[in-house]
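Predicted model only: the values in this text are computed from it and were never measured. Start at 1 with the first residue, then count along the sequence.
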Amino acid sequence: MAHLAVSDVRAKYGSLEVLKGISFSIEKGEIAALVGPSGSGKSTVLRALMGLTPITEGSVEIASERMNYSSAKEVRAARDRMAIVFQAYNLFQNMTVMQNLTLAPLKIKKWPKAEVEAEARRLLGLVGLSDKADAYSDQLSGGQQQRVALARGLALKPQILLLDEVTSALDPELVGEVLDAIGKLAAEGMTMVIVSHEMGFVREVADKVVFMDAGQIVESGAPAEIFDAPKTDRARDFFSKVLRH
Ligand SMILES: Nc1ncnc2c1ncn2[C@@H]1O[C@H](COP(=O)(O)OP(=O)(O)O)[C@@H](O)[C@H]1O
Ligand SMILES: [Mg+2]
């Protein structure tokens, strides 16, 4: 049984339909990578999963449970199961790393403090920032801040982690440390849907690559299948441009 099943999902911005029937599924512990040209709807898929962009048709199931985004309560239920990290890490600059990680678990989830802090320290270890718990976020590099943002998402114990171009705003020399942290999460068995332009990384970690264009899935399959033997002209054309660099 799929851990995440997205079936024929459609979404609009005003009268513009930007998702035209998106279907894919992943098992627990798997990683799906959404790839494709700018404007193809990758971010909208993640936003729709989080209930940030309304789904007009189709369904989303997590662990066999149908997500229903029709009320604030239902949207909260969906958001309880997922965490999303964006390109801009949006840490609270006037707080320490530890405060950034523990704020939502303590104030929103109302989980016990000792447990929340222990989990925050474990996550900082996982992203290689054990020594930064008491640093303020504006004292960190972009790569370190993005790793804190990953840990902050995980502190909410999501069943699925959504990552939208988390390395795109970083200086090239900082990309590797963030990809390494995501690779560790993958090795821990985190189920993820990632949007990334780092094709080498996608090939390494993704179980499934979903190639989108103009609000539709053109092809999907194992990385080697999609990258080395694309079946459609659109995918061939796209990969010939992005894999050359
Ligand atoms: N807030 C918005 N209002 C109107 N149109 C939007 C909005 N956000 C995205 N779009 C449009 O939706 C389409 C898909 O965008 P997006 O999901 O951001 O693509 P991608 O992440 O693949 O670059 C694009 O045509 C984009 O212009
Ligand atoms: Mg996007």
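K208 has no carboxylate O lying under 4.0 Å from a charged side-chain N of E219, or vice versa, which leaves the two without a salt bridge. Ion pair K241/D237 flagged as a salt bridge, since at least one NZ, NE, NH1 or NH2 atom sits closer than 4.0 Å to an Asp/Glu carboxylate oxygen.
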Just do the side chain to side chain contact (heavy atoms under 4.5 Å, CB included) check on M82 and L161 with the steps written out, would you?
CA-CA 6 Å; M82 292 172 277; L161 184 64; over 6 Å; no
Salt bridge (charged side-chain N to carboxylate O under 4.0 Å, His left out) between E188 and K184, worked out:
CA-CA 6 Å; E188 269 212 336; K184 281 204 184 135; over 6 Å; no
Walk me through whether E115 and R121 qualify under salt bridge (charged side-chain N to carboxylate O under 4.0 Å, His left out).
CA-CA 10 Å; E115 209 174 276; R121 287 188 196 283; over 6 Å; no
With side chain to side chain contact (heavy atoms under 4.5 Å, CB included) as the criterion, how do L106 and K113 come out once you've worked through the C-alpha distance, each side chain's angles and the decisive distance to 0.1 Å?
CA-CA 7 Å; L106 292 176; K113 187 159 188 238; 4.1 Å; yes
Apply the test side chain to side chain contact (heavy atoms under 4.5 Å, CB included) to residues Q145 and Q93: give CA-CA distance (whole Å), side-chain angles for both, the deciding distance (0.1 Å), then the verdict.
CA-CA 10 Å; Q145 292 195 45; Q93 298 293 330; 3.4 Å; yes
Does the salt bridge (charged side-chain N to carboxylate O under 4.0 Å, His left out) test come out yes or no for E17 and K20, once each step is laid out?
CA-CA 7 Å; E17 191 171 52; K20 301 171 185 167; over 6 Å; no
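Rounding to the nearest 0.5 angstrom, the gap separating the OG1 atom in T191 from the CD1 atom in I62 is 10.0 Å. Atoms CE and CG, on M98 and L101 in that order, are 6.5 Å from each other to the nearest 0.5 Å. To the nearest 0.5 Å, atom CZ of residue F86 and atom CG of residue L46 are 8.0 Å apart. Atom CG of residue D80 and atom CG of residue L156 lie 8.5 Å apart, to the nearest 0.5 angstrom. Summarising the geometry, atom CD1 belonging to I22 is positioned 11.5 Å from atom NZ belonging to K42; distances are rounded to the nearest 0.5 Å. Between the CD atom of E177 and the CD1 atom of I182 there is a distance of 11.0 Å, given to the nearest 0.5 Å.
Linking ILVMFWY residues whenever their side-chain heavy atoms come closer than 4.5 Å, directly or via other members, leaves M190 and I84 in distinct clusters. Linking Ile, Leu, Val, Met, Phe, Trp and Tyr residues whenever their side-chain heavy atoms come within less than 4.5 Å places L126 and I31 in a single cluster. One hydrophobic cluster, built from ILVMFWY side chains closer than 4.5 Å, cannot hold both L34 and V178; they sit in different ones.
The backbone N or O of R10 sits less than 3.5 Å from a side-chain atom of T56, completing a donor-acceptor pair.
Checked against ring-ring contact (aromatic ring centres under 6.0 Å, His included), F238 has the following partners two or more places apart in sequence or in another chain: F211. For Y69, there are no ring-ring contact (aromatic ring centres under 6.0 Å, His included) partners, not counting sequence neighbours.
Taking the side chain as every heavy atom from C-beta outward, E225 and K231 approach each other to under 4.5 Å. At a threshold of 4.5 Å between non-hydrogen side-chain atoms, the residues L163 and M192 count as touching. Counting heavy atoms from C-beta on, the side chains of V9 and E57 never come closer than 4.5 Å. The closest side-chain heavy-atom distance from R81 to I160 is not below 4.5 Å.
Closest of all the heavy-atom pairs between Q87 and S168 is CD-CB, 3.8 Å.
One side chain, S43 or D164, offers a donor N or O that lies under 3.5 Å from an acceptor on the other. A donor and an acceptor atom, one from each side chain of H197 and E165, are located under 3.5 Å apart.
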